[in-house]
Amino acid sequence: MDAEALSRLQFALTISFHFIYPPLSMGLGLMLVIIGAIYVRTKDPKWRRLSFFWVKVYGLIFALGVATGVVQEFEFGTNWAEYSRFVGNVFGSLLAAEGVFAFFLEGGFLGLMLFGGNRLGPRLWLFSIVMVVFGAHFSALWIVMANSWMQTPAGYTIATDPAPTRAVMTNFWEVVFTKSFIPRIMHVFVASWTVGAALMLSVSSWYLLKKRHIELAKSNLKVALPLFILFATTNVVIFGANQAVEVTQNQPLKLASMEGLYQSESCARMYVVGWVDETTQTTTGISIPCLLSFLAYQDINATVAGIDSFAPAPPPPINLLFQVYHYMIVMGPALAGIGVLAGLWFLWRRRLFESRFVLWLLVLTVFIGETVITAGWWTAEIGRQPWIVYDVMKTANGVSPVLPAYEVVFSIIMFIGLYSLLFLLFIYLLNRKIQAGPEELEEVETVAVGSLPDTFRDVFRRQQPRAGEEPP
């Protein structure tokens with residue numbers, strides 16, 4: 001393999017591993033805001049106890065997300081220098097904005113979120129959580145914005161003088177609001193909220209199966225389940241469908257490749273499972289007649305352009321794209337189905353709490369959700385190939401020109417070893433925290449909650465107790 005293929009492999013490995021954590025941090029963060037707001041409204045101590053527990057889990061997820069996310073910034077320079085030179089004026093500006101506006105906001109309040117339970121009153125602690133969660137979503141906004149520009153570039157011109165040839169931003173708002181941005185960011189947000197709710201559902205269901213922390217688990221599940229059902233179903237019916245329409249309008253070759261559709265077809269079928277033989281240009285499998293036409297054009301008789309219609313434009317790796325895309329569109333609705341089933345079991349005389357089969361399905365939701373959201377990301381990125389900036393710059397032209405293959409091989413081996421250790425450490429620490437469960441408030445509260453400053457005025461006016469002193 002040459003340096004280009006190895007660099008593609010390296011980036012795929014590092015970004016896929018990193019992508020485990022940002023959706024979890026956004027989704028779990030939203031759930032933390034909700035249970036924090038419930039405590040502020042009800043003053044029921046069980047919600048404060050759950051807040052202490054989930055904040056620690058959030059801190060672990062956040063740490064891994066930051067540690068693995070920084071790597072991509074360096075890879076743009078080490079492996080993709082020509083790409084960085086070409087898009088630096090556009091892509092670099094968006095990444096810089098993410099760091100300055102979003103990451104600093106998120107990091108600035110992170111300490112208050114992680115350690116503020118015994119230093120801030122409930123409302124101020126909730127405020128710090130809100131700011132961290134807002135920062136996480138704001139960070140994702142800029143990242144998806146930059147990636148959407150790569151999918152549907154706009155608001156730029158190609159400058160050749162002085163050399164080298166490069167893309168130069170001409171309209172900031174056209175760069176920000178490319179045609180694919182709004183459908184994609186909504187799809188990412190709701191998918192992240194789904195997997196965050198799934199994490200709470202998974203842990204709560206596991207406690208019920210093990211007959212531990214039963215009342216806390218039931219309360220947590222009652223909050224997480226309806227939100228999980230809402231997010232999972234709307235992401236399939238609304239936001240996923242809108243994404244299909246966006247791809248149809250802006251990247252029709254990607255749409256045809258996702259379905260292995262070589263010849264244009266009216267009342268085009270949509271495959272549930274199948275296999276694409278790229279040699280004979282045939283696709284076989286189980287399909288639903290006319291569904292692709294309906295999803296793409298809201299008309300069952302509409303004609304969907306096939307791959308041959310775009311010749312000689314080079315298609316992406318069709319069978320690989322087909323497989324990851326169909327995993328997403330099969331398991332996404334399956335995830336929503338698990339939620340609906342659990343909801344029906346809950347409404348039917350609260351039998352959910354006694355149904356081991358349904359509870360085990362809920363335990364699995366976070367793992368299914370992570371694979372589905374990763375498959376969606378792969379679909380977007382594989383479907384763009386062979387372009388690194390769609391219809392503007394090919395991926396082969398973006399690689400660093402003097403990068404030797406052996407150095408990339410060494411770095412891939414290093415990343416595999418390091419990331420394997422990090423993942424094992426993450427699973428170990430997460431499992432240990434879940435096994436221990438939510439601690440009693442007497443064990444985690446060092447100061448009576450009523451004595452903590454709960455407004456900004458209190459922060460500046462109230463004297464805080466020193467170590468060993470009774471609170472005023």
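In this text, all values refer to a predicted model and were calculated from it rather than measured experimentally.
Judged by the 6.0 Å distance and 45° axis criteria, Lys222 is not positioned over the aromatic ring of Phe346.
For Trp193 and Phe228, the gap between ring centers reaches or exceeds 6.0 Å. Between Phe52 and Trp125, the distance separating the two ring centers is shorter than 6.0 angstrom. Aromatic pair Phe86/Phe91: ring centres not closer than 6.0 Å. Aromatic ring centroids of Phe134 and Phe138 lie under 6.0 Å apart. Aromatic pair Phe76/Phe11: ring centres closer than 6.0 Å.
What you find for Val363 and Ser205 is that their closest heavy atoms are CG2-CB, 3.8 Å. Smallest separation of non-hydrogen atoms from Leu352 and Ala342: CD2-O, 3.8 Å. Here the closest non-hydrogen pair linking Gly398 and Met393 is CA-CE, 3.6 Å. Heavy atoms only, all atoms of each residue included: Leu114 and Gly59 are closest at CD2-CA, 3.7 Å. Contact record, Tyr262 with Ile318: OH-CD1, 3.3 Å, taken as the closest heavy-atom pair. When all heavy atoms of Asn79 and Ser7 are compared, the pair lying nearest together is ND2-OG, 3.1 Å.
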Pair Phe426, Tyr21 - check ring-ring contact (aromatic ring centres under 6.0 Å, His included), show working. CA-CA 11 Å; Phe426 171 74; Tyr21 306 102; 5.2 Å; yes
Would Gln385 and Arg8 count as a side-chain contact (heavy atoms from CB on, under 4.5 Å) if you check the C-alpha gap in whole Å, the side-chain angles of each, and the deciding distance to 0.1 Å? CA-CA 11 Å; Gln385 298 305 317; Arg8 287 175 184 251; 3.0 Å; yes
Taking it one step at a time, do Thr371 and Tyr327 satisfy side-chain hydrogen bond (donor to acceptor under 3.5 Å, both in side chains)? CA-CA 9 Å; Thr371 58; Tyr327 179 85; 2.7 Å; yes
Let's go through Leu261 and Leu255 carefully: what are the C-alpha distance in whole Å and the side-chain angles of both, what is the deciding distance for side-chain contact (heavy atoms from CB on, under 4.5 Å) to 0.1 Å, and is it a yes or a no? CA-CA 8 Å; Leu261 183 68; Leu255 177 72; over 6 Å; no
Worked verdict on Val176 versus Trp149 for side-chain contact (heavy atoms from CB on, under 4.5 Å): CA-CA 8 Å; Val176 168; Trp149 183 83; over 6 Å; no
Show your working on side-chain contact (heavy atoms from CB on, under 4.5 Å) between His326 and Val273 and close with a plain yes or no. CA-CA 7 Å; His326 283 82; Val273 293; 6.0 Å; no
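Atom-to-atom distance recorded for Leu225:CG and Leu201:CG is 5.5 Å, nearest 0.5 angstrom. One finds the CG atom of Leu28 at 6.0 Å from the CH2 atom of Trp54 (value rounded to the nearest 0.5 Å). Distance CD1/Ile20 to CD1/Ile61: 11.0 Å, rounded to 0.5 Å. A distance of 14.0 Å separates CD1 in Ile338 from CH2 in Trp360, rounded to the nearest 0.5 Å. A distance of 15.0 Å separates CH2 in Trp142 from CG in Asn147, rounded to the nearest 0.5 Å. Here the CD-CD1 distance, from Gln281 to Ile307, works out to 7.5 Å after rounding to the nearest 0.5 Å.
Of the possible polar contacts, none joining the Ser202 side chain to the Ala198 backbone as a donor-acceptor pair under 3.5 Å is found. Within the 3.5 Å criterion, the main-chain N or O of Asp308 finds no donor-acceptor partner in the side chain of Gln263. Between the side chain of Thr303 and the backbone N or O of Glu265 there is no donor-acceptor pair closer than 3.5 Å. Side-chain N or O atoms of Thr365 include one that pairs as donor or acceptor with a backbone N or O of Leu362 at under 3.5 Å. With hydrogens and angles ignored, the 3.5 Å screen pairs a side-chain donor or acceptor of Lys254 with a backbone N or O of Ala380. Put simply, the side chain of Ser25 gets close to the backbone of Pro22: a donor and an acceptor are under 3.5 Å apart. Here the side chain of Asn319 pairs a donor or acceptor atom with the backbone of Val276 at under 3.5 angstrom. In this structure, the side chain of His18 engages the main chain of Gly69 through a donor-acceptor pair within 3.5 Å. In this structure, the side chain of Thr395 engages the main chain of Pro386 through a donor-acceptor pair within 3.5 Å. Judged by distance alone, the side chain of Ser293 and the main-chain N or O of Ala302 form a donor-acceptor pair under 3.5 Å.
The side-chain heavy atoms of Leu50 and Tyr39, taken from C-beta on, include no pair separated by under 4.5 Å. Within the 4.5 Å cutoff, side-chain heavy atoms of Trp378 are placed close to those of Ser16. A heavy-atom distance below 4.5 Å is found between the side chains of Pro153 and Tyr390. You'll find the side chain of Val366 stays beyond 4.5 Å of the side chain of Met200, heavy atoms only. Here the side chains of Thr14 and Thr68 are not in contact, with every heavy-atom distance at 4.5 Å or above. The shortest side-chain heavy-atom distance between Ile373 and Phe19 falls under the 4.5 Å cut-off. When side chains are defined from C-beta on, Gln323 counts as touching Trp275, because their heavy atoms get closer than 4.5 Å. Residues Pro314 and Lys394 have side chains in contact (heavy-atom distance under 4.5 Å, counting atoms from C-beta outward).
Between the side chains of Asn242 and His187, no donor-acceptor pair of N or O atoms lies under 3.5 Å. Ser400 and Glu82 form no side-chain donor-acceptor contact under 3.5 Å, judged by distance and modelled atom types alone. For the residue pair Asn250 and Glu246, a side-chain donor N or O sits within less than 3.5 Å of a side-chain acceptor on the partner. Side-chain polar atoms of Thr152 and Gln251 form no donor-acceptor pair below 3.5 angstrom. For the 3.5 Å distance criterion, the side chains of Ser148 and Thr178 fail to qualify, holding no donor opposite an acceptor. Using modelled atom types, one finds a donor on one side chain and an acceptor on the other under 3.5 Å when comparing Ser139 with Glu98.
Aromatic ring pairs are classed by plane angle as parallel below 30°, tilted from 30° to 60° and perpendicular above 60°; the pair Trp348 and Trp345 is perpendicular. In this structure, Phe127 and Phe109 have perpendicular ring planes: the angle between them is above 60°, well past the 30° mark. Under the 30°/60° scheme for interplanar angles, the aromatic rings of Tyr58 and Phe62 are found to lie parallel.
Other residues, nucleotides and ligands contribute only 12 or fewer heavy atoms inside 6.0 Å of the NZ atom of Lys179. Within a 6.0 Å sphere centred on CZ of Phe423, heavy atoms belonging to other residues, nucleotides or ligands number 12 at most. Residue Phe310 places its CZ atom among more than 12 non-hydrogen atoms of other residues, nucleotides or ligands, all under 6.0 Å distant. Applying the 6.0 Å contact sphere to CD1 of Ile286 captures no more than 12 heavy atoms from other residues, nucleotides or ligands.
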